[in-house]
Protein chains: 2
Amino acid sequence: MLISELSKRTGVSIPTLRYYENYGLFKGVSDEKTKTNNYKDYDESIVEKIEMIKGAKEAGFTLSEIKKLIDSWFNKRLSKEKKITVVNSKINEIDNKICQLYKVKKLLSECIVDIEKGYC
Amino acid sequence: MLISELSKRTGVSIPTLRYYENYGLFKGVSDEKTKTNNYKDYDESIVEKIEMIKGAKEAGFTLSEIKKLIDSWFNKRLSKEKKITVVNSKINEIDNKICQLYKVKKLLSECIVDIEKGYC
DNA sequence: ATGAAGTATAAACCATGCTTTATACTTGTT
DNA sequence: AACAAGTATAAAGCATGGTTTATACTTCAT
């Protein structure tokens, strides 16, 4: 598919998609031999990749972190063990974030009690 | 306490503290009458406030969001009910973020299975 | 009383993650 | 054939959340 469809499918704006592609998060292919233009083609796997990027971003990861994750993920030279190590360390980070969020939630819940008591 | 101690107590750099103060997240007092300087004094409640800011930031809230929360929190003119509404809506946002993090975690766990099977 | 260290303020600078603008080529419709 | 709409690239612009720099005053130890 072309970039406009990719944008529709993922809900990510065209400039942002180009920014991501330029950043190295994914790569469309432009078939230089058979086509007169250099329009790029994006396949289904890229839709999935972008959904993953969106999720990771909402979870608070930076593009640089996401890129590292994707790079190790699709790097054929990396051993299974090393890939798993990278992904597991991200899972740990997510656990920490979840833990942090529960702490803030607790703080805010206490805050509500204080408000009800008229302390603030 | 003075700003350098506040920095030590909270682990937040002095320029960042000044940035936050300037942003309106808290306010030190400089006693114009009794002191020859204009050094500001920060009390214990400000340490707590900054811990809260740190937590909220790690949880992914922007300074602008945090400011709104603090403003409503300490705004005497706001009714109990309105304060509680503001804080509850933040709690909802936190729940959503937690949910999102679990989704990404699930994605990464599936990814590990794929790596083990040699799919990527 | 002098120099090092702490404080304050303002302004410039910087990285991240985009968005906007400008330019140029391609395609598709009429 | 011509014009709107889509694609590509590069560069500039922008908001957020700081850090760095420059300048000046205050305090503290000697």
Side-chain angles (χ1 to χ4, degrees), chain A residues 1-43 46-47 49-71 93 100, chain B residues 1-43 46-47 49-71 93 100:
Chain A
M1 73 191 80
L2 295 180
I3 197 158
S4 63
E5 195 185 340
L6 184 63
S7 174
K8 273 170 205 150
R9 288 281 301 276
T10 59
V12 176
S13 77
I14 292 176
T16 300
L17 288 174
R18 299 215 232 252
Y19 177 79
Y20 286 171
E21 179 163 8
N22 204 263
Y23 194 97
L25 298 184
F26 57 84
K27 195 83 190 133
V29 290
S30 60
D31 191 338
E32 317 250 332
K33 289 176 188 168
T34 61
K35 286 190 292 190
T36 70
N37 60 28
N38 59 340
Y39 291 9
K40 287 181 188 139
D41 183 73
Y42 304 92
D43 63 23
I46 291 182
V47 175
K49 233 174 178 175
I50 290 166
E51 292 302 333
M52 200 261 281
I53 292 166
K54 282 170 64 182
K57 268 186 53 58
E58 280 182 59
F61 292 104
T62 65
L63 292 189
S64 153
E65 290 172 316
I66 294 168
K67 182 166 160 47
K68 276 180 207 150
L69 195 56
I70 289 176
D71 284 350
E93 285 178 42
Q100 186 62 38
Chain B
M1 74 192 80
L2 295 181
I3 198 160
S4 62
E5 195 185 339
L6 184 63
S7 174
K8 274 169 203 150
R9 289 281 301 277
T10 59
V12 176
S13 77
I14 292 177
T16 300
L17 288 174
R18 298 215 231 254
Y19 178 79
Y20 287 172
E21 180 164 7
N22 204 263
Y23 195 97
L25 297 184
F26 57 85
K27 194 82 189 135
V29 289
S30 60
D31 191 337
E32 316 249 334
K33 291 175 187 169
T34 61
K35 285 189 293 188
T36 69
N37 58 30
N38 61 339
Y39 290 10
K40 288 181 187 137
D41 183 71
Y42 305 91
D43 65 21
I46 291 183
V47 175
K49 231 173 180 176
I50 290 166
E51 291 302 332
M52 200 260 280
I53 293 166
K54 282 169 64 181
K57 268 186 55 58
E58 280 182 58
F61 291 104
T62 65
L63 292 188
S64 153
E65 290 173 316
I66 294 167
K67 181 165 162 47
K68 275 180 208 152
L69 195 57
I70 289 176
D71 285 349
E93 285 179 41
Q100 185 64 37

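Numbered from 1 within each chain, the chains take letters A, B, ... in sequence-line order.
For DNA chain D, the span of nucleotides reached by chain B at under 4.0 Å from its heavy atoms goes, 5' to 3', from dG17(D) to dT27(D).
The residue among Asn22(B) and Leu2(B) whose nearest nucleotide of DNA chain C lies closer to the 5′ end is Leu2(B). Residue whose closest nucleotide on DNA chain C sits further toward the 5' end, between Tyr23(A) and Tyr39(A): Tyr23(A). With the nearest nucleotide of DNA chain D identified for both Leu63(B) and Asp41(A), Asp41(A) has the one nearer the 5' end. Nearest-nucleotide assignment on DNA chain D puts the 5′-proximal partner with Ile14(A), out of Ile14(A) and Thr16(B).
At a threshold of 4.0 angstrom between heavy atoms, the contacts of Ser30(A) with the nucleic acid are absent. Nucleic acid contact class of Lys35(A) (heavy atoms, under 4.0 Å, all strands): none.
Lys67(A) places none of its side-chain heavy atoms less than 4.5 Å from the side chain of Thr62(A).
Phosphate contact (OP1/OP2 of dG17(C), side-chain N/O of Tyr20(A), threshold under 4.0 Å): absent.
A salt bridge does not link Asp31(B) to Lys35(B): none of the charged nitrogens lies less than 4.0 Å from a carboxylate oxygen. Comment: Glu65(B) does not engage Lys68(B) in a salt bridge, judged by the lack of any side-chain N to carboxylate O separation of less than 4.0 angstrom.
The side-chain hydrogen bond (donor to acceptor under 3.5 Å, both in side chains) search around Glu21(B) returns Tyr42(B), not counting sequence neighbours.
Rounded to an integer number of Å, the gap from OH of Tyr19(A) to P of dT16(C) is 8 Å. With rounding to whole Å, Asn38(A) atom CG is found 13 Å from dT27(C) atom C1'. Computed from coordinates, the Lys40(B) NZ to dG6(C) C1' distance equals 14 Å when rounded to whole Å.
Counting only distance, with no hydrogens or angles, the side chain of Ser30(B) and the backbone of Tyr39(B) share no donor-acceptor pair below 3.5 Å. One N or O on the side chain of Lys54(B) and one on the backbone of Thr10(B) form a donor-acceptor pair closer than 3.5 Å.
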